[in-house]
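Written below as structure tokens is the structure these notes are about.
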Amino acid sequence: MREKIVLIDGHSILNRAFYGVPDLTNSEGLHTNAIYGFLNILFKILDEEKPEYLTVTFDVHAPTFRHEMYAEYKGTRKPMAEELRQQVPVIKEVLRAMDVEIIEKAGLEADDLLGTISRICEEKGMDVAIISGDRDTLQLATEHVKIRIPKTKQGRTEVEDYYASDVKEKYGVTPVEFIDVKALMGDASDNIPGVPGVGEKTATKIIMEYGNIENAYAHASELKPPRASKNLQEYWDQACMSKTLATINTHADIEFHLEAAKHGDPYTKEAHDYFQKLQFKNLLSRFDVEASSNKIESHFKEINEKDRAEKVFKEAEKASTVGAALTEDNGNVLPLFAHASGYGRLTIAYGKDKIYSIVCGPDMEMDYLFERLVHIAENVQTFSMFDLKKYLPVVKITKQENCFDATVAAYLLNPLKNDYTYEDVAREQLNLMIDEKADPMTKACYEAYTAYAAAGSLTEKMQAEGMYHLFTDIEMPLVFTLFDMEQAGIQVEAEALKFYGEQLGARIVELEKEIYEMAGETFNINSPKQLGVVLFDHMQLPNGKKTKTGYSTAADVLDKLAPDYPVVEKVLEYRQLSKLKSTYADGLAVYISSDGRIHGKFNQTITATGRISSTEPNLQNIPVRMELGRLIRKVFVPKEGCVFIDADYSQIELRILAHCSGDEQLIQAYKEARDIHRMTASQVFHTPFDEVTDLQRRNAKAVNFGIVYGISSFGLSQDLSITRKEAAQYIENYFETYPGIKRFLDDTVAHAKEEGYVVTLFGRRRPVPELKSSNFMQRNFGERVAMNAPIQGSAADIMKIAMIGVNKELKEKGLKSKLILQVHDELLIEADKEELETVQEILKRQMEQAADLDVPLIVDMHTGENWYEAK
DNA sequence: CCGATCACG
DNA sequence: ACGTACGTGATCGGG
């Protein structure tokens with residue numbers, strides 16, 4: 001059997017991966033997409049070829065290199081994108097860690113390295129596979145040298161293979177002739193001029209007939225298109241030079257030692273560490289899982305007998321830290337005695353060799369196991385679980401101080417992730433790989449063990465980053481507050497909701513008819529695509545913006561057309577009504593439980609800024625701005641004997657901005673309870689306070705909002721329908737009025753650029769990796785995020801403190817009233833009528849005293865028989 | 001499963 | 001010249 005070597009064109013593949021794989025960054029903000037794509041291709045090739053030898057070549061004439069596939073320019077070279085450049089040294093380090101030989105030699109093209117090594121190996125009687133994204137390498141194909149060109153097609157990599165015969169088949173010429181074709185046609189991206197007037201078609205035809213340019217030149221007078229004939233003679237020197245440029249040197253002066261390229265086991269400890277750091281979860285699974293985790297797995301024990309379980313419980317109660325996992329048992333063990341909740345197995349860990357998975361059974365029902373778990377939780381120092389709130393309905397812990405939610409901790413350390421699985425935490429904190437295909441018991445043991453073992457390092461990291469108080473004093477108590485709110489739910493009048501939906505439905509049918517009539521055809525009005533075609537093609541309305549997929553039919557576009565085209569007005573009304581019906585009337589109805597209430601979820605680990613999010617259903621976006629939508633709030637009612645109290649912070653974000661920036665003007669204004677928007681208008685538009693018009697005040701309000709969002713003249717101009725220039729002038733005037741704010745925002749961005757993150761008043765961090773981007777737009781986005789996150793995040797912190805305080809005081813005083821909703825700056829309480837005044841006082845005090853700022857925090861409160869009235 | 005749209009703060 | 005406001009979630013249509 002012939003031995004085989006795989007030769008990889010490093011820069012070419014890295015480049016291809018960079019453009020083929022969507023942008024990825026690890027939590028340190030390092031771009032990793034090219035490295036990831038490169039390694040995927042590498043592993044795919046290794047799996048297929050199983051070669052004895054492997055070498056990766058890099059050419060070293062940074063900052064540019066010759067074969068840049070995606071350079072869409074002529075002559076000049078675009079410098080390598082920063083996001084790609086930073087990945088080059090990393091991939092080299094990763095390859096070295098994998099014991100892969102790298103060959104690079106200053107002044108030599110990667111092609112010349114590949115060509116030379118390929119020739120040497122073929123002469124030794126080996127098979128060669130060259131992996132490159134560059135078709136120039138096709139000239140190297142022979143009977144034993146295969147050129148492999150990876151293509152990314154919809155996320156999947158497919159590889160095109162070329163032996164000499166395949167080149168001939170596809171291009172009509174042999175690999176050697178391929179050089180001459182290129183000499184004639186030229187290549188802009190390689191600075192090969194070629195012969196003017198000769199393109200791919202002509203060049204191929206000439207070479208197919210004459211074999212090379214020399215022979216073609218000898219028969220120049222016979223060449224078919226007269227233009228080619230004339231130009232080949234006229235530009236003969238240029239053709240010869242092109243051929244030299246196009247020819248890969250297979251006798252370059254390099255040292256190549258086959259033994260050094262010997263391909264061994266790439267799954268080294270060092271490589272594992274790199275993959276970990278780069279957060280390549282999928283690729284990590286290629287490493288030998290057994291080796292790293294066998295030790296721990298050997299301590300996993302399943303328990304089915306009550307006396308053994310009892311021993312474990314007794315021992316666990318005395319431990320300082322206990323991790324636990326509650327799981328449904330999807331194995332074939334025994335789901336027979338599973339609880340109504342679905343749980344059938346309790347797994348606890350309190351040491352490296354103390355990991356027990358207890359299965360419920362006839363003499364150990366889940367309810368009993370839950371009780372024992374509560375007892376443990378309340379007797380140890382630290383009781384750790386992932387997503388604790390989820391289990392509180394069955395694990396009825398009252399002593400909150402011991403609890404540690406590892407999901408929440410992981411979220412605080414990096415709030416940008418989509419999820420916080422125990423697998424991720426195990427990998428990041430404990431260097432542990434978990435086999436995806438493991439059985440339910442093994443997984444449960446890992447989950448419990450990770451909860452146990454990661455609590456320490458998560459705590460250390462939170463302390464190191466100044467977030468431990470945020471965790472213990474705000475986030476952990478909040479877990480229980482949110483749980484109480486979910487349990488409480490909110491009562492909804494199903495009948496009224498249904499009626500509301502029917503009213504909407506009737507009007508929608510009418511509108512549908514009218515629109516079809518005006519359009520002269522029927523179509524799906526809910527399809528932006530179809531709507532765009534009908535309005536802008538068939539009806540010839542003047543079209544403005546476009547989206548990637550067609551015409552934009554967004555509300556701001558249609559708004560401009562509505563005055564002139566009645567059909568557009570109908571469409572807008574239709575849109576509004578169908579949104580109300582589908583999302584709110586019909587959408588909410590399915591969430592009403594048998595107790596007549598909706599128990600939505602409040603999520604604590606979703607947002608990048610620290611806000612809470614609401615799902616299933618989203619109760620934080622119930623209509624309020626438009627009257628018709630606002631009416632929905634009438635179906636949200638307090639239970640018998642109760643009223644709603646709705647309390648919202650007045651301009652909390654602007655107040656935080658005043659506090660953080662220390663701007664004297666703004667602070668003074670808030671202390672004197674002035675009308676901030678009016679005052680801003682007066683200053684920005686140079687108008688006496690009492691003469692500010694409504695329009696001026698509205699505009700100033702928009703500027704204030706813009707400041708909080710991380711202002712840009714474009715954004716403001718869009719919002720106010722004014723020119724960018726005018727918007728820029730507003731902003732300039734604003735910053736002149738409030739110099740402290742300008743300074744604060746600049747400092748915040750500078751800090752973010754320096755440190756890579758911004759911080760809220762209570763220590764919450766948000767990383768801003770976009771600031772390192774070479775992309776203008778991304779960087780701008782990063783700057784706005786840096787300005788907004790501390791403000792939005794601090795407001796979230798303060799509201800969380802208030803919620804915990806309100807909930808706690810209501811419970812401690814034995815009141816029946818309950819906190820039931822949070823809408824970012826607003827709390828809704830279902831208050832017992834007897835307790836109304838007490839609760840109002842508690843609510844106002846807890847909210848206004850939640851933080852001690854340089855400006856007062858003011859709360860507006862309303863009561864009502866439903867949410868519509870209370871708001 | 002993604003993009004467009006639109007509801008909220 | 002670039003192409004944008006910050007943060008969410010649900011629904012729909014269309015691949």
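On a predicted model such as this, the values are computed, not experimentally measured, just so you know. Each chain gets a letter, A, B and so on, in the order the sequences are listed, and its residues count up from 1.
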If you measure only the distance, is there a donor-acceptor pair under 3.5 Å linking the side chains of A:Gln651 and A:Tyr670? yes
By the 4.0 Å heavy-atom rule, please label [X] as base, sugar-phosphate, or nothing.
X        : result
A:Phe705 : nothing
A:Ile791 : nothing
A:Arg625 : base
A:Val785 : sugar-phosphate
A:Glu616 : sugar-phosphate

How about CD on A:Glu754, more than 12 heavy atoms from neighbouring residues, nucleotides or ligands closer than 6.0 Å, or not? no
Starting at the 5' end of DNA chain C, what dot-bracket string do you get if Watson-Crick and G-U pairs under 3.5 Å are bracketed, crossing pairs use [ ], other-strand pairs use | and unpaired bases use dots? .....|||||||||.
Proximity to the side chain of A:Arg724 - top-ranked nucleotide from C:dT4, C:dT11, C:dT8: C:dT4
Let's see if you can work this out: which of C:dG3, C:dA5, B:dG9 has an atom nearest to the side-chain heavy atoms of A:Phe776? C:dG3
Check: protein-nucleotides 13-15 of chain C nitrogen or oxygen pairs below 3.5 Å:
{"unit_1": "C:dG13", "atom_1": "OP1", "unit_2": "A:Asn524", "atom_2": "ND2", "d": "2.8"}
{"unit_1": "C:dG13", "atom_1": "O3'", "unit_2": "A:Ser527", "atom_2": "OG", "d": "3.1"}
{"unit_1": "C:dG14", "atom_1": "OP1", "unit_2": "A:Ser527", "atom_2": "OG", "d": "2.6"}
{"unit_1": "C:dG14", "atom_1": "OP1", "unit_2": "A:Gln530", "atom_2": "NE2", "d": "3.2"}
{"unit_1": "C:dG15", "atom_1": "OP1", "unit_2": "A:Lys529", "atom_2": "NZ", "d": "3.1"}

Can a cation-pi geometry be assigned to A:Arg724 and A:Phe714, taking NZ or CZ under 6.0 Å from the six-membered ring centre and within 45° of the ring axis? no
Quick one: does A:Leu412's side chain get under 4.5 Å of A:Leu470's, heavy atoms only? yes
Measuring only between side-chain heavy atoms, which start at C-beta, is A:Tyr420 closer than 4.5 Å to A:Asp387? no
Is the A:His677 ring parallel, tilted or perpendicular to the A:Phe705 ring (thresholds 30°, 60°)? parallel
